[in-house]
Amino acid sequence: MSAIEVIDLSRHYRLGSVDVPALRGVSLSIAANAFTVLSGPSGSGKSTLLNLLGGLDRPDSGHVVVAGQRLDTLDDNRLSDFRARHIGFVFQHFNLLPVLTARENVEYPLLLAGVAASERRRRAAELLDAVGLADRAANLPGQLSGGQRQRVAIARALALRPALVLADEPTANLDSHTGAAIIALMRDMQRQYQTCFVFSSHDAQLLAAADHAVLLRDGQLQAPAAVKEAA
Amino acid sequence: MNTLQLAARNLVRNRRRTLTTLLAMIVGVVAVLIFGGYDRNIRLGLETDFVRGSGHLQIQHRDYFLFGSGNPAAYGIRDYTRLMQTLQADPQLAPLLQVVTPVLDLGGIAGNFAAGVSRTVYGRGVDVVGQNQLKQWNDYRMVGLPQRSVALTGTAPNAAVVGTGVARVLQLCTPLQVKDCPQPLAANEQGRAMPADLAALPVAAPAANLGRVQIELLAARASGAPNVASLQVVKAEQQGVKALDDISVQLHLTQAQQLVYGQDTPQVSAIVLQLRHSSDMPAARARLAQLLQGGSQPLVVQDFATLNPQYGQITGMFAAILGFVAVLIGAIVLFTVGNTMSMAVVERTVEIGTLRALGLRQAGIRRLFVSEGLLLGLGGALLGSLLALGLAWLINHSGLTWLPPGNSERIPLLVRVAGEYGMLLATAVGLIVLSVLSAWWPARRAARLDIVEALRHA
């Protein structure tokens, strides 16, 4: 069963007068409840594909289906609501809201979804506990280490138990030890929450931990390979 | 964590910039409120001055206001006593009235024949009791108003009070103890000569005899024949405006009526109505219109603003200055808040991208930045108002005085901020609206940022 269907997806950017193809006719299925990594060299289209999967960008042609919903049919408001409900994001630079505490950052997606305050607090506490930061709930992001911030970001991404979690180079800003711990945590959380994790990464540790790898080169899909081969 | 709380935290996060912006807004609010309070005091002070002098409303002959200065006696109100009684007995009007008193204006020539000088004057016959009642009005609780009675109080029926300009021309400064009253260098011989027929008119002894200051007032009777009254000048009073000071003669109403109407039935130029409150003017005017309708005389009601055009001119000038100051400060606030918000949008581009990625709609981003503008406006309005109240208190207790145009005495320099809820509210609302408007454009720009570009922003 697939969580995501990508049909003949193309995306071009214009750099001045030059047309730069970022993705060229990509079609693929991404399995549900799996750990999938988008891999490839810089400029291969990983981030572009991830942005399109997450509904952050719109394709020039083709379409994406997430959790049974064609994203190209949604207007901006409905797409925002869809992201809030069904997609979690983990960013390379963590992107926590600096004025909110760890708990409030985790609560924020729940707030957008209209979850009651008491339930928000309960779920945020549960998630922070799950990522090992129960005692840091009242800390602001500036008071946390990089690894701790990424843990909070993972808890935030899972707050609404979304169908899909997208992570753009989640370990790129962490040392290898912390990166390994974060990968282990994400793997653990993916299993615990039965959700689909999709990453873009060069990280060999992450590739090794993935169930599936999607290889991209020059905006085109290379032959899907087994994890071990990709690693 | 709602939008306002998030907005507040974002403002606190950039303390220095927020404080700088707030400071600009506070200075603006203080400037508008202090000048507005000064303007308010001027406006109410002028109104009080005019209402104490000539009432809120006057009933006059229809043509008196436009043509009466040429021949006041020709536009008199007949049977005025009965009309006044009708007004005072009217169940709708009476509760609104504080004073009802008649006046009679007249034009004439005042002469100090002992010195061989004369000049044209504008006389006003008044009822002393009524005039003293008019002087009691202080609905706006103005500070520093003169409390003394009119100078004619307790004087003989032929007493008069002249302007210092009249005293100067009639060479009465010394006996009337008028200060700063220079004597002419040399009198024109031709001008000194008093026509023999006029010189023969006074029956009484000339001025300065028997220790009294006396002048003769020649006026035309309503019938057209000349009449002369010998008046005892009890005081020379500065009238504030030179043009008025040079022609003013105030006398008792009965004396003025004797002069103008002789043995005929006396009339008056106007019935002065002072109301308990200025806010009752529309109701009083409406009732007066009903009462005067269908009467035997063509009477109209004039308000103090019409009778004293300088009221509108002065208040209009101050309103224009206040408006200019407000617009200037509004523009400064607009650009200050707009600049602050624009900088915030640039600095928080990644944060905006993150919020949008997490599912916050464009409207949510707009709401967030507009809320920050709203909070800045609220803070600026509150702190600015408090500071203005404190500063106004200091000014009001500093003992400063000033000489308003047209006044003969210095009055306390006051600013009315405390209790002026309308002005405080208007300033606060104006600032908040400006602040929100200033934030709107950067907020709109933030909301329309491309999410991917925003997330990539360095």
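Only heavy atoms go into these numbers, but all of them, side chains included; no hydrogens, no water, no symmetry mates.
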Choice from B:R348, B:R356, B:R13, B:Q362 maximising heavy atom contacts with chain A below 4.5 Å: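 Counting heavy-atom pairs under 4.5 Å, the top option is B:R356.
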
Minimum heavy-atom distance A:F89-B:A357, with the two atoms named: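 That closest heavy-atom pairing would be CE1-O, 3.2 Å.
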
Could you tell me which portion of [X] (side chain, backbone, both or neither) has an atom closer than 4.5 angstrom to a non-hydrogen atom of chain B?
X	value
A:F82	neither
A:F94	neither
A:R156	side chain

Test side chain to side chain contact (heavy atoms under 4.5 Å, CB included) applied to B:L6 and A:L100, step by step: CA-CA 8 Å; B:L6 188 56; A:L100 303 186; 3.6 Å; yes

Spacing of CG belonging to A:N95 relative to CD belonging to B:E351, to within rounding of 0.5 Å: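 Between atom CG of A:N95 and atom CD of B:E351 there are 9.5 Å.
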
CZ on B:R9 to OG1 on A:T101, rounded to 0.5 Å: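 Atom-to-atom, A:T101:OG1 and B:R9:CZ are 6.5 Å apart.
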
Chi angles and distances behind the side chain to side chain contact (heavy atoms under 4.5 Å, CB included) call for B:Q5, A:E104: CA-CA 12 Å; B:Q5 286 173 308; A:E104 288 166 340; over 6 Å; no

Salt bridge present between A:R58 and B:D450 (N-O < 4.0 angstrom):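 No salt bridge links A:R58 with B:D450.
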
Any donor-acceptor pair under 3.5 Å from A:R83 side chain to B:L358 backbone: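 Judged by distance alone, no pair lies under 3.5 Å.
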
Chain B interface, residue from A:A84, A:A113, A:S80 that has the most non-hydrogen pairs under 4.5 Å: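 Of A:A84, A:A113, A:S80, A:S80 has the most heavy-atom pairs under 4.5 Å with chain B.
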
Partner of B:I451 under side-chain contact (heavy atoms from CB on, under 4.5 Å), chosen from A:N51, A:L79, A:D57, A:L56: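 Single pass found, and it is A:L56.
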
Note, B:L360 side chain near A:Y108 side chain (heavy atom, < 4.5 Å):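 Yes; the side chains approach each other to less than 4.5 Å.
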
Flag if over 12 foreign heavy atoms under 6.0 Å of CZ, B:R448: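 Count not over threshold, so no.
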
B:L455/A:H93 under side chain to side chain contact (heavy atoms under 4.5 Å, CB included): CA gap, chis, key distance, verdict: CA-CA 10 Å; B:L455 287 169; A:H93 298 286; over 6 Å; no

